[in-house]
Amino acid sequence: MNTLPTLLRRLAGVALLAVASASHAQEVVKVGFVGPYTGPFAVAGQAYRQGVDAFLALQGDKAGGRKVEVIYRDSAGADPTLAKRLAEELIVKDKVTMLAGFYLSPEVAATAPVVNSAKVPLFIVNAATPGLMKMSPYFVRVGQSINQPAELAASHARQAGKARGYVAVADYGPGHIVEDSFIGRFTAEGGQMVGNVRIPLNTADFAPFAERISNANPDVLQIFLPPGAAAVGFSKALAARGLTQKLLIIGQGEAEDGDLPQFDDSILGFKSILYVDANTKTPESAAFVGWLAKNAGPNARPNSFNVGAYDTMQLIFKVLGDQAGKPFDSQAAIQSLAGYSFRSPRGPVTIDPSTRELVQNFYLREVVKADDGSKRNKVIRVWEQVKPTAAK
Amino acid sequence: MTALPANSILSRHRWNAGELVWLVCALGCFFTFPEYLALGTAVLVMVLLVLSYDLLLGFSGVLSLGHAVYFGLGAFTAGWLSLAGWKDPVLDALLAAAASGLAAALLGPFLLRLTGLPLLMVTLALCVLVFEAAHLATPITGGDDGLSGVQFAPVLGLFDWGLGGRTSYLYSLAWLTLVYVLLKRVVASPFGVILQGIRENPKRMRLMGNRVLPHLTISYSIGGALAGLAGALFTEANAFVGLGVLSLETSIDVLVMLVLGGVGTLSGALIGAPVYMVLKHFASQWSPFYWMLVIGPLLIAVVLFGRGGLLGSARTIVARWRRAQP
Amino acid sequence: MSAAAFIILYGLSYGLVLCLIALGLVITMGLMRVINLAHGAFAALGGYLAITLIQRAAIPYAVAVPVAVLSVAAFGVLAERLVYRRLYARSQLDQVLVTIGLNLVAVALLSMLFGPNLIPLEPPPALRGNLDLGFREIEVYRAFAAGVCLAVIAALWWVFERTSTGARLRAAVDNQGMAQAMGLNVPVLFSATFALGCGLAALGGILAAPMLPMEPMWPLKYLVLVLVVVALAGHARVAASVAVAVLVGIVETGGRYLFPQYGGFVIYLLLIVLMVMWPNGLLAPRVERA
């Protein structure tokens, strides 16, 4: 007679175990976010965190019945092999299902073999070298390809009647591509290049470069510099030489709204082309901006980094939602993203099936003074739904 | 022939207990930390680099901030060889070491005439110069994007490089052991003794008839070659090489790692490099800049208060404790 | 011709500001024989302090600058007593290492206190705009900075070469033991000199701030340039340091203007060639008797 209670107890135990393991089957999905949280690009890393935190706060942390956990690893923006090692560790030790973030293109290039052999999707937030997408079928880019804004700038300049072009870029990979793209498009549309200069990354004093540009007497100047000390220093040098008033100056991300407090009024009139409009008024952007205002300090604005991170989380949640209840299949995830359209805080975007990059709006912005005396970027032209160019 | 006394400088090529323990632990890590082998390989490569630097600073008294030049040269050479189709890792490593050694042999006679601050500045300038030149030479170095698509054939034809660093860890450990045995022999040889004499008092060595510059150049070449070997292992383990291998930061890191461990005893490198790398890896995950706040004071404390780095401090503490025992 | 005018004018103003920062290091190295790689941190500290006073406490520029300089000098005395005193008898390697450690701590603290972004220092309204020199324009601020540097350097030269204080200092440099035997209070002299060096660095940092914006990495970023000036000037004195710094400023500016992509090279090539040929510095008036 003792056996019945024992049996019942045992059955109960087994039942409890079954329930417990079933609720553990509401697993945790880990995502590895590699970024420059310290070092010279720490501002971008901070922004990645803002984007992720905003999304998790606004949309919750459950996708497809699974809890999403983000693991951050600091690449310090210094050594591509470190980023690769961190990615490898995230996959092997932390067992992440997906990777995201990355800042410099070499970091992504170094990580490609890891991603290919582990078959893990990687969402590129910032790295913008066109050639990256060829390196792995698991890459999805939520940023841009760096040649896009340069080509748009060249077309815009020609349409505005500018005929003498000059390009000044920082002397590293992305800068060279901007240089080639701008020169190619500008000359193809009938413009004439009067000079170009590559500015070494360790430049402290930009006066010599402003001098050279002034001597060449262009009427449009395309610049490309990493945001931060270089951008501020160079724009000051241009202003001191009187060039900001004389020329049409077009950049990319040098003077985002969050950075504008660092500049003096000489930045007014500076134009840039990027896929982000920090002051757009859509429901998605309102929610995002509202979260930033409450949680990220008074100067936080949408920029390419935090919007990119936000959209990355959106895509991750989408693929997890599609695969609810099934073990995660990377290839199916990538396929399900092809042609997927959604509303990002930056506007409507679609993932181009052939290149796995975004079809999105590009905005021409100009720095103006708002009524309250602060500076902001005002959109003066929109290119709708620009398709990425096929990688060469 | 009479046997050498037990504590003779010429008999220091034998392994002591601590070094054997280190080797066993390193092997043990392969089994106990299988998820951290990528980090482990990076640590082993750094240990090799720091050992090569110890030969220069610890035994020859050459304070150079340009050691990354040879590390980078070795790393890129291995990369170029791979892209050119020569994929055998062992061969590439040897060729890379030879290339770096040659470069060191060519530069040595000019650089090693200087000492002190002038030597520091010139090696620093050399490091920055080579870095900038490599940056400009994008067609051959890949510039900022680095050399990707670098692949190597399986080690000894048997062991495939895979994900997670298993092969690269044991491969690097094998090279490291070999180099350590070699260096111990060099340092405990008559040549090594002359080097240490030069470190202590170059003028006196000259008066005694030893030619300083040739000895220093040979030492510099060996150090450069071993740095090149470390560079090749770096490329092989990562299947990638970027400009960071040539940076001034790498040169400074090597110096700091060696000092932390203890200059002038080969075993210092065995301690300094792992401590630094592991600290960096974990501290930078906690919070921004905590890493610098940890390493900065540690470095200051080790130099000001610890004689001979962490290893030397440990020895002092142990000796004091022994003396305190009745 | 306008290229030459640009290179000389801008190179001069750049070099003079560099000279001010470097002079502090030349003085401390010449007197105390300490390689202080953390010198840039004192300059950055001055810049950040000035920015804090001007922007957060709304203190006018003309008051904030001296206050910042004196504060950094006082801090320098503290640092000298606590850390640098232990370095005088140490090897060059030890000095390099400890000061690198100090640099790391400084960068970390600056980043924690002020954030990783750069913070510009705006020149006061009186110093903005351009000055028309007839054949070309130059920014008012650059002319002002150059002028202040010249004035300070001239004052330093006069003190060192023409006053008894300066003579005592030179005596202590040449022969510390003898100077102490003659009654000079060498420890106090060292503290005072170190304070002077830090004060000069701070002033240089503040003057440079509008051109080279303040950021946590500032101490390391511009360290190499300062070291180049110091290494080339050797243990020589004020006049030589000025000449070398102006040379460096002109070579840097000219190099980047004439060969933008290779401009960075020129100064390092120059350094290597000059150091290999003249290890004791370019203009070493005192040949140390071996």
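Residue numbers start from 1 in every chain, and the chains themselves are labelled A, B, ... in the order their sequence lines are given, proteins ahead of strands. Here the structure is a predicted model, which means the values were calculated and not measured.
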TODO: Return the minimal non-hydrogen interatomic distance between B:A42 and A:R85, and the atom names on each side.
DONE: CB-NH1, 3.3 Å
Report all side-chain donor-acceptor pairs from residues 120-140 of chain B shorter than 3.5 Å, counting only partners two or more places apart or in another chain.
| unit_1 | atom_1 | unit_2 | atom_2 | d |
| --- | --- | --- | --- | --- |
| B:T123 | OG1 | B:L65 | N | 2.9 |
| B:T123 | OG1 | B:L119 | O | 2.8 |
| B:T123 | OG1 | B:L120 | O | 3.0 |
| B:E132 | OE2 | A:N202 | ND2 | 3.3 |
| B:H135 | NE2 | A:D171 | O | 3.1 |
| B:H135 | NE2 | B:D144 | OD1 | 3.3 |
| B:H135 | NE2 | B:D144 | OD2 | 3.1 |
| B:T138 | OG1 | B:H135 | O | 3.2 |

Task: Exercise: identify the closest heavy-atom pair between A:K84 and B:N238 - done: CE-O, 3.0 Å
Open item on the list: Out of A:S105, A:G173, A:A110, return the one with the most heavy atom pairs under 4.5 angstrom to chain B.
Closed with: A:A110
Task: Pairs satisfying ring-ring contact (aromatic ring centres under 6.0 Å, His included), at least one member in residues 137-167 of chain B, at least two apart - done: B:W161-B:Y171
TODO: Output the distance between atom NE2 (B:H281) and atom CG (A:L86), rounded to the nearest 0.5 Å.
DONE: 6.0 Å
Task: Between CD on residue A:E107 and CZ on residue B:F240, distance to nearest 0.5 Å - done: 9.0 Å
Open item on the list: How close do B:E35 and A:K93 get, counting heavy atoms only, and between which atoms?
Closed with: CB-CB, 3.5 Å
- [ ] Name, in order of residue number, those residues of residues 80-90 of chain B that have a heavy atom at a distance of less than 4.5 Å from a heavy atom in chain A; otherwise write 'none'.
- [x] none
TODO: Write out all pairs satisfying salt bridge (charged side-chain N to carboxylate O under 4.0 Å, His left out) with one or both partners inside residues 251-260 of chain B, taking only residues at least two apart or from two chains.
DONE: B:D253-B:K280
Open item on the list: Taking CZ in B:R166 as the centre, count heavy atoms belonging to other residues, nucleotides or ligands within less than 6.0 Å. Is the count above 12?
Closed with: no
